[in-house]
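In what follows, a single structure is set out as structure tokens and then discussed.
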Amino acid sequence: MRNSSRTWLYRANEKFAATVSAGSRVLDAGAGDQKYGHLFAHCDYESADFELVNKPYAKSTYVCDLAAIPVEDGRFDAIIFNQVMEHLPQPALVLNELGRVLKPGGTMICSAPLFYEEHERPYDFYRYTQFAWHFMMKEAGFIILNIDWLEGYFGTVAYQLETASKYLPRRSYRTVPGVLGWSAVPVLIFSRWLFHLLARFLYVLDERGKHTSSGFPKNYVVIVQKPAARPTAARS
């Protein structure tokens, strides 16, 4: 099924890539299959991942824990950090490490879910509110340039309906005994079909425009900057 969150995340990375100067050195932290790497073809692109989850990976430049990336301080002009924070048992350590390897004045795009089912088990630990983003980035020494909903509320509801269309039980009588359980069977089967159709429709609506005046997002997307180094005062 079409997922508008992926569309919006691609657009966010495309927009971020356009702000990174040609020839800049970029790190894709927790890169996985490197689906956004081609957006940085104008840059010197490097990637890092621990490659322990049972899923496809592209070849990483560095196979490592993101809390200990084997490069020198200030190596990168920009960092891509997509859908990784929820998988980190100690995210503050990783944010500090990303701050170390990012040049002063460098920027980073980050995203992580606020509302999503458990995935990539057992490496799934947290969900993040906008207030968590503000707190954690300040603690790590970053300046938040922008924080926004990744998708609109249509996308969030579409995801809720999509999961319901998959997981609502067809055999409710095994959970609810008696006449009520048996009578729920056709209702639940019809609901699964209806929710599937509604999810597809709402995903399309969400791709056309974000509804942000009510509800809540599935994910936040955040742009941060490492403060520029202060000039050293001249000695007399």
Applying the 4.5 Å side-chain criterion to the ILVMFWY set and letting contacts propagate, would F125 and M136 be lumped into a single cluster? yes
Do P91 and Y126 come close enough that some side-chain heavy atom pair is under 4.5 Å? yes
Could you tell me whether a side-chain N or O of E118 sits under 3.5 Å from a main-chain N or O of D124, the two making a donor and an acceptor? no
Where is the tightest heavy-atom contact between L168 and S191, given as atom of each residue plus distance? CD1-CB, 4.2 Å
Residue pair E162, Y167: steps toward the side-chain hydrogen bond (donor to acceptor under 3.5 Å, both in side chains) verdict: CA-CA 9 Å; E162 180 187 2; Y167 299 136; over 6 Å; no
Look at E97 together with R100 and state whether they make a salt bridge at an N to O cut-off of under 4.0 Å. yes
Relative to the ring of H42, is the ring of F40 parallel (under 30°), tilted (30 to 60°) or perpendicular (over 60°)? parallel
Considering only heavy atoms from C-beta outward, does the side chain of S47 approach that of L27 to under 4.5 Å? no
Lys/Arg-Asp/Glu bridge criterion (N-O < 4.0 Å) met for D33, K55: no
Backbone of K166 reached by a side-chain donor or acceptor of R192 within 3.5 Å: yes
Is there a chain of hydrophobic side chains (I, L, V, M, F, W, Y, each step under 4.5 Å between heavy atoms) that links W133 to F81? yes
Interatomic distance, NE2@H211 vs CG@L202, rounded to 0.5 Å, equals 11.0 Å
Show, in sequence, the C-alpha distance, side-chain angles and deciding distance for L9 and L150, and conclude whether the side chain to side chain contact (heavy atoms under 4.5 Å, CB included) test is met. CA-CA 7 Å; L9 187 56; L150 178 61; 4.1 Å; yes
Any chance the rings of Y128 and Y220 have centres within less than 6.0 Å? no
For L93 versus A67, what's the shortest heavy-atom pair and its separation? CB-CB, 4.2 Å
The reported gap from CE in M108 to CZ in F142 (rounded to nearest 0.5 angstrom) is 4.0 Å
Regarding Q83 and N219, is there a side-chain donor-to-acceptor distance under 3.5 Å anywhere? yes
For the residue pair K59 and Q34, establish whether any side-chain heavy-atom pair is separated by less than 4.5 Å. no
What I want to check is whether the side chains of E151 and S4 have a donor and an acceptor closer together than 3.5 Å. no
Verify the cluster assignment for I69 and V63: are they in a single hydrophobic cluster under the rule of side-chain heavy atoms below 4.5 Å apart? no
Compare all side-chain heavy atoms of C110 with those of V221 and state whether any distance is below 4.5 angstrom. no
Evaluate the side-chain proximity of V53 to Y123: yes if any heavy-atom separation is below 4.5 Å, no if none is. yes
Parallel, tilted or perpendicular: which fits the ring planes of Y62 and F76, with parallel below 30° and perpendicular above 60°? perpendicular
Grab the two heavy atoms, one from N96 and one from A140, that are nearest each other, plus how far apart they are. OD1-CA, 3.6 Å
To the nearest 0.5 angstrom, please state how far the CZ atom of F201 sits from the CZ atom of F154. 8.0 Å
Step by step, would you call T129 with L114 a side chain to side chain contact (heavy atoms under 4.5 Å, CB included)? CA-CA 6 Å; T129 67; L114 168 68; 3.8 Å; yes
Is there a side-chain contact between F216 and Q130 (heavy atoms, below 4.5 Å)? no
Value rounded to 0.5 Å, distance of OG1 in T212 from OH in Y153: 13.0 Å
Test item: D44 and V26 side chains (from C-beta on) under 4.5 Å apart, heavy atoms: no
ILVMFWY cluster, V84 and V71 together (side-chain gap under 4.5 Å): yes
Heavy-atom pair with the smallest gap, counting every atom of S24 and V20: CB-CG1, 3.6 Å
So, are R75 and E46 salt-bridged, with charged N and O less than 4.0 Å apart? yes
Do Y10 and I79 sit in the same hydrophobic cluster, where Ile, Leu, Val, Met, Phe, Trp and Tyr count as joined when their side-chain heavy atoms come under 4.5 Å apart? no
Just checking, K218 and F115: is the charged tip under 6.0 Å from the six-membered ring centre and within 45° of the axis? no
Once you round to the nearest 0.5 Å, how far does CE of M137 lie from NZ of K226? 13.5 Å
Backbone N/O of A112 and side chain of E86: donor-acceptor pair under 3.5 Å: no
Closest non-hydrogen contact found for S172 with G181 is OG-O, 2.6 Å
Is the distance between the ring centroids of Y159 and Y203 less than 6.0 Å? no
For G152 versus D206, what's the shortest heavy-atom pair and its separation? N-OD1, 2.9 Å
Taking side chain as C-beta onward, heavy atoms only, is V187 less than 4.5 Å from F190? no
Can a cation-pi geometry be assigned to K210 and W149, taking NZ or CZ under 6.0 Å from the six-membered ring centre and within 45° of the ring axis? no
Does CZ in R11 sit with more than 12 non-hydrogen atoms of other residues, nucleotides or ligands closer than 6.0 Å? yes
Verify side chain to side chain contact (heavy atoms under 4.5 Å, CB included) between F16 and T19, making sure each step is shown before the conclusion. CA-CA 5 Å; F16 179 73; T19 69; 4.0 Å; yes
So, S60 and E51: side-chain donor and acceptor under 3.5 Å apart, yes or no? yes
Decide yes or no on side chain to side chain contact (heavy atoms under 4.5 Å, CB included) for K103 and R25, but give the supporting numbers first. CA-CA 10 Å; K103 290 180 180 178; R25 184 173 286 154; 5.9 Å; no
From CG (D49) to CG (D28), nearest 0.5 Å: 8.5 Å
Backbone N or O of Y116 within a donor-acceptor pair of the R127 side chain at under 3.5 Å? yes
